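Here is the structure we will look at.
Given the structure is predicted, the values throughout are model-derived calculations rather than measurements. Just so you know, ligand 1 is whichever comes first in the structure, and atom 1 is the first atom listed for that ligand.
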Amino acid sequence: MKNWWRSLGIGTKLSILIQGMLVVVLFVAHFWVINLFNEGILDEAERRAEISADGVINGMNMLMVTGMITDPENRRLFIKKMGASENVSELRIIRAKQVQDQFGPGLPEEQIRDDMDRRAIESKKPQFELSEERGMLKLRAVVPFIASTYFRGTNCLNCHHVQAGSVNGAASITIDLTGELNNIRHAKNMLILGHILLQILLFFAINWLIQKFMRPLVKLQSTMESMQLSGSMEQFVPIRLEPGEQDEIGKLGLAFNQMSEALSSSERSMKLAASIYQSNADAIMVTDENNLIVDVNPAFTRITGYTLEEVRGKNPRIMQSGKHDQEFYRHMWQAILNEGHWQGEIWDKRKTGEIYVKMAHISILRRSDGSVYRHVAQFSDITEKKQKDELIFWQANYDALTCLPNRRLLNDRLAHALAANKRNRDCGALMFLDLDRFKTLNDTLGHAYGDMLLVEVAWRIKSCVREVDTVARIGGDEFVVLLENLGADIKDATQAAAQIAEKIRASLSSPYQLHDKVHHSSPSIGVSLIHGNGESAEELIKQADMAMYQAKEAGRNAVRFFDPRMQRSVEAIATLESDLRQAIHEGQLQLYYQVQVDRDRRPVGAEALVRWMHPLRGMVPPAQFIPFAEESSLILDIGHWVLDEACRQIAAWSHHERTRQLVLAVNISARQFKQPGFVEQVAAVIRKHGIQPARLKLELTESIALEEIGVITAKMHALRSELGISLSLDDFGTGYSSLSYLKRLPLDQIKIDQGFVRDMTVDSSDAVMVKTIIDMAHNFDLEVIAEGVETAAQLELLEQYGCVVFQGYLFGRPVPAAEFEAHL
Ligand SMILES: Nc1nc2c(ncn2[C@@H]2O[C@H](COP(=O)(O)O[C@H]3[C@@H](O)[C@H](n4cnc5c(=O)[nH]c(N)nc54)O[C@@H]3COP(=O)(O)O)[C@@H](O)[C@H]2O)c(=O)[nH]1
C-alpha cells in the first residue's frame, strides 16, 4: 500500500487527496443537511402536535364550561371531531389523578396507558416519540394540561379546587409523518444525485486543473528522463513553456531551462576542451604542485614515447637531455613562478634516448588562495623544423661546396663590420681573390677536380686568417676575405693586410694534390682597406675587385691594393664590351692568315686569326678581346663570323692554282664547340660556300677534347667522318693532356704549344717535352705541327725531332688575305 502510494505521480496523489477530501466534505454536508431537514420537520410536527393539544384543551375547557364534559359521549364526540383532522391518526385525552379523584375514573381510553403518558404528566413537559412501522412514520406527542388561574378571563380553579400549575391530564396526539418522510426521502435522493454529479464535475475539474498545473512538471520530468537516457546534457532541448505557465512550476521549468542550458554549455565547453586536449597536435603535460606528472595527452606519448602510466607521478626531469645547465632550469622556474608562464626551446630526451628540441609553453594554475594547483606544459617537437630552418639558413648563407659564407652572409658581416669599424674608428681590409686559370682546370680535368681545388683553397685561406675573420666564396673561383680589427693606424693595418694577403697568396700557390693529380694554381688578390670612415660595402667590394684585376694584369699570382687608377681600367673593359658588340655588327672584324709550311718550306695551309680594326684604337689584337669575349656570349658571334669568313676565303682560294690545295685552320673556342648544333652549323657554312670540307681544319683546344668525352668524340667523329674536315688539337702540352683521351679522340693533328717551342733551344726540359709530344703523335699516327717557330735553330731542332709542319714568324706573320696570297 505504502509502495503503491509512493509509486503514484504527484498529480494522481493530489487528485486522490482532493477527491477524497471532497467526498468526505460532501458526505458530511449531506448528512448535516438531512439532519437539519429531519429536525425541521420534527420540530414542525411537534409544534403542530402542541397546537393540536392546545386546541383540544381549549375545546375541553369549553365542554367543561358548558358542563357538557361530564357526558362521556360528548367527550368522545369531541375527541373524535378534534382527531378528524388530516394527518392526526389518533387523539386521546388522559385524565390525571386529581381529576379522577374529583370527577371519577373516566373512560378507559382516558387512563394512563404507557410510560410516555406517565412521564408527560409527572414531568409536566410534553413528550414526543417518533416511530416507523410498515413504511409509515408517526410522531406521538403527549402534551400535559397544566392548570391555569385564568381561562378566557374566568378563574375556574377556585370552584374546582385545583391548584394552579398542577396537571389535570394530557392529550396524546399521534401525527402521521409519512408524507414528510417521503418528501425527506425524495430530497435525500435528489441530494445524493446532486452530490454525485457535483463529485463527477469536481473530479474532472480538479483533474483538469492538476494536469494544467502539472504540465511543466511533466515536461520537466520527461526532459530530465530523456537527458538521463542520453547520459548527456549536450543535446538538451529546452522545455517549451506556454505563456500561461508562469506560476511557480512554470518558473521552476524556466529555472531548469536556464540551469540546463548552462550545464549543456558547460558540458559542450568541457567536451570541446577535452577533445582539444586529446586531439591537440601539441603535447600537453599537467603536473601537480610538487611538479609530479598528473596527466598527459596522446600527442605527449607520440612525441616523447612515454605513456601516461609510465610517467604518472614522476618528475618531468626524467626527460632531461643534459644539454641545459642548472642555471637554465632555475631561470625557467623563476619565470613560471614570478610571471605565471615561461616560453622557450628545451632540449629533451625521448624514451628511446633520442635527443630532440621542443618549443614549450609552461604556465601555472593557482587556487583562489594563491597556492599552486597545477603546472601545464604545452610543447611541440620542432627538431625537424629547426633542422629545416638551419638548413634553409645554411643554404641561404653558405656555399654548399666549401661550406664558406656566401655573398649574402658576407654582405651581412661586412655591414656589421663597417658599422663597428666606424664606431670604433678601427681599420679592416677586404680581399678579393680569384684563382688564376681556374677555368682551364675545370675545362680540362672536369668539375670534380675543380671542386676539389676550391675546397682545398677554401681550407687554405681559412688557415691563413683568424677565427674572427670572414672567408666567403662569392662565385665560381672568387673568394672574399674580410679582416676585422686591424687597429686604428692605417699604415699598420695596411701592413697587416698585406702580410695576410701574401700569406694567402703563398699558401694558394703551393701545389695541390687533387686525387691522383698534382695541380699548380695561384691566386690574384685585390685588397681594399677599410678606414672606418663609413665606406659602403658595395664600394669596398668593387674596389677590391678592381685591385684583383690589377693583380691579374700584373701577371697573376700577385697581390694588389686598390688604387683609383684601377677604376679607369675597369671602365675601359666596360667600354670594350659595348665596342665589341658594335664591331661584330659593323664589320670591324677582319681575318689575318698565317702560313703553315712543310719541311720543304712549301705552304700547306694557313691559320685564320681574327683582328679587330677599331675605328679609333686601331687594330686590337685578339689577346685583348678574345679572353673577354670567351667570358660572355660574344665569342659565339665572333666564332660564327670567323668560320663563315674562313669558308668564304677557302671558296675564293679554290679558284686559284696556288691556293687551291691550302688547308685553312680556324680556331674554335670551347664554348663554341660545346654549343648544341655546332656540327650542323659547320655543315651549313660549308654548304653555303660550296667548299671542299678537306680544305677546312678546326683547331680545338685540350679543354674541349678532354671533357664529356662521349659527346665530344661523337661530335668530332661527325665533323671528321661525316663532313670530312680535319681536326687539330691546339696548344698541346699546356693543359692536362691524357694519353688515354688522346687515343680515343678522332684527331688528325696536334699542335705543339709555342711556349715549348720558344724555349726548347734554351731549356732542355722544353726540348724533351717537344720531342716527347712529337714521338707520341707519331705513335698515335697523328700529324704534328709546331707553332711559334721564330728561329732557324728552333726549326732545326724540330726537324731533328721529326716534326714536318711548321708555323711561326720565321715563315710569315699573320697578314691580311691579299698580303698572304702575294707572299705565297
Ligand atoms: N677562338 C679564336 N681565337 C682566336 C682567333 N684568332 C686568334 N685567336 C686566339 O687569339 C690568341 C692570340 O692570337 P694572335 O694574337 O693572333 O696570335 C697568334 C699568332 O700571331 C701568334 N704567333 C704565331 N707565330 C708566332 C711566333 O712565331 N711568335 C709569336 N710570339 N707568336 C706567334 O700565335 C697566335 C696563334 O696561336 P694559336 O691559336 O695557338 O695557334 C691565340 O690564342 C689565338 O688562338 C679566332 O678567330 N678565334
Side-chain angles (χ1 to χ4, degrees), residues 437 439-440 443 580 583-584 588-597 603 605-613 618-649 663-675 678 681-682 685 696-705 727-735 749-761 770 773 784-795 797-798 803 805-817 819-820:
R437 295 194 187 85
K439 191 172 172 299
T440 309
D443 288 346
L580 190 53
I584 298 165
Q588 294 172 14
L589 298 181
Q590 191 181 337
L591 278 189
Y592 274 37
Y593 301 90
Q594 184 177 29
V595 72
Q596 294 177 340
V597 299
E607 181 180 3
L609 297 159
V610 71
R611 299 288 181 267
W612 178 10
M613 302 304 172
M619 194 186 77
V620 183
Q624 278 187 20
F625 67 88
I626 288 290
F628 169 74
E630 275 178 344
E631 297 288 322
S632 68
S633 61
L634 283 172
I635 193 66
L636 300 178
D637 296 332
I638 294 172
H640 188 261
W641 180 87
V642 169
L643 187 64
D644 188 70
E645 180 61 16
C647 289
R648 193 199 58 74
Q649 189 61 60
V663 174
L664 187 57
V666 176
N667 287 288
I668 301 295
S669 79
R671 206 163 163 180
Q672 191 181 358
F673 182 79
K674 285 176 187 170
Q675 227 191 337
F678 173 71
Q681 192 185 42
V682 175
V685 177
L696 179 63
K697 180 160 67 182
L698 301 186
E699 284 194 14
L700 310 174
T701 60
E702 282 180 283
S703 61
I704 293 172
L727 300 174
S728 177
L729 191 60
D730 202 0
D731 302 331
F732 193 81
T734 55
Q749 184 186 63
I750 58 173
K751 198 174 194 179
I752 304 169
D753 186 70
Q754 58 180 284
F756 300 120
V757 176
R758 184 174 56 236
D759 297 331
M760 65 184 289
T761 52
V770 171
I773 292 170
V784 184
I785 179 171
E787 69 167 331
V789 184
E790 294 183 352
T791 63
Q794 290 167 346
L795 178 66
L797 203 55
L798 284 165
C803 185
V805 190
F806 312 96
Q807 179 184 344
Y809 293 168
L810 185 65
F811 312 104
R813 287 177 177 263
V815 288
E819 203 174 324
F820 176 82

Q: Take Ile635 and Ile626, measure what side chain to side chain contact (heavy atoms under 4.5 Å, CB included) needs, and give me the verdict at the end.
A: CA-CA 7 Å; Ile635 193 66; Ile626 288 290; 4.1 Å; yes

Q.
Under 4.0 Å from atom 31 (N) of ligand 1, is there at least one protein heavy atom?
A. yes

Q. Looking at atom 38 (O) of ligand 1, what's its closest protein heavy atom, distance included?
A. Glu607 OE2, 2.8 Å

Q: Mind running side chain to side chain contact (heavy atoms under 4.5 Å, CB included) on Gln749 and Leu727 for me, showing each step along the way?
A: CA-CA 6 Å; Gln749 184 186 63; Leu727 300 174; over 6 Å; no

Q. Nearest heavy-atom pair of Val685 and Cys647: which atoms, and what distance?
A. CG1-SG, 3.5 Å

**Q.** Contact summary for Ala646 and Val666, nearest pair of heavy atoms
**A.** CB-CG2, 3.4 Å

**Q.** Close approach, Lys751 and ligand 1, non-hydrogen under 4.0 angstrom
**A.** yes

Q: Among all protein heavy atoms, pick out the one at the shortest distance from atom 24 (N) of ligand 1; state its residue, atom name and that distance to 0.1 Å.
A: Gln594 NE2, 2.8 Å

Q. Any protein heavy atom under 4.0 Å from atom 45 (C) of ligand 1?
A. yes

Q.
I need the nearest protein heavy-atom contact for atom 9 (C) of ligand 1: residue, atom name and distance, please.
A. Pro622 CB, 4.5 Å

Q. Parallel, tilted or perpendicular for Phe820 and Tyr593, by the 30°/60° rule?
A. tilted

Q) Is the closest N or O pair between Glu630 and ligand 1 shorter than 3.5 Å? A) no

**Q.** Shortest non-hydrogen contact between Ala629 and Leu580, atoms and distance
**A.** CB-CD2, 4.1 Å

**Q.** Donor-acceptor pair, side chain of Gln594 and main chain of Gly812, under 3.5 angstrom
**A.** yes

Q. Among all protein non-hydrogen atoms, which one is nearest to atom 37 (P) of ligand 1, and what is the separation to 0.1 Å?
A. Glu787 OE1, 3.1 Å

Q.
If you measure every N or O of Val610 against every N or O of ligand 1, does any of those distances drop under 3.5 Å?
A. yes

Q: Taking all non-hydrogen atoms of both residues into account, name the closest pair between Phe678 and Gln672 and its distance.
A: CD1-O, 3.4 Å

Q | Residue pair Met760, Leu798: steps toward the side chain to side chain contact (heavy atoms under 4.5 Å, CB included) verdict | A | CA-CA 9 Å; Met760 65 184 289; Leu798 284 165; 3.9 Å; yes

**Q.** Step-by-step side chain to side chain contact (heavy atoms under 4.5 Å, CB included) determination, Lys751 to Gln807
**A.** CA-CA 10 Å; Lys751 198 174 194 179; Gln807 179 184 344; 2.9 Å; yes

Q: Could you tell me whether atom 17 (O) of ligand 1 has a protein heavy atom closer than 4.0 Å?
A: no

**Q.** Closest candidate by heavy atom, reference atom 4 (C) of ligand 1, pool Ile638, Leu589, Asn667
**A.** Asn667

Q) How far is atom 25 (C) of ligand 1 from its nearest protein heavy atom, and which residue and atom is that? A) Tyr809 CE2, 3.3 Å

Q.
I need the nearest protein heavy-atom contact for atom 34 (C) of ligand 1: residue, atom name and distance, please.
A. Gln754 NE2, 3.8 Å

Q: Work out which heavy atom in Val757 is nearest to a heavy atom in Val770; give both atom names and the distance.
A: N-CG2, 4.4 Å

(Q) Suppose we measure from atom 20 (O) of ligand 1 to each protein heavy atom; which comes out shortest, and what is that distance? (A) Pro814 CG, 3.3 Å

(Q) Starting from atom 7 (C) of ligand 1, what is the nearest protein heavy atom, named by residue and atom, and what distance separates them? (A) Leu609 CD2, 3.5 Å

Q. Considering only heavy atoms of Gly808, which atoms of ligand 1 have at least one such atom less than 4.0 Å away?
A. 24 (N), 27 (O)

(Q) Show the atoms of ligand 1 that are less than 4.0 angstrom away from any heavy atom in Glu790. (A) 26 (C), 27 (O), 28 (N), 29 (C), 30 (N)

Q. Is the shortest distance from a heavy atom of Arg611 to ligand 1 less than 4.0 Å?
A. yes

Q.
Please give me the minimum heavy-atom distance between Ala665 and Gln596, naming the atom from each residue.
A. CB-NE2, 4.3 Å

Q) Using heavy atoms and a threshold below 4.0 Å, how should the contact between Asp731 and ligand 1 be classified: side chain, backbone, both, or neither? A) side chain

Q: Using a strict cut-off of 4.0 Å, indicate which atoms of ligand 1 neighbour a heavy atom of Val642.
A: 46 (O)

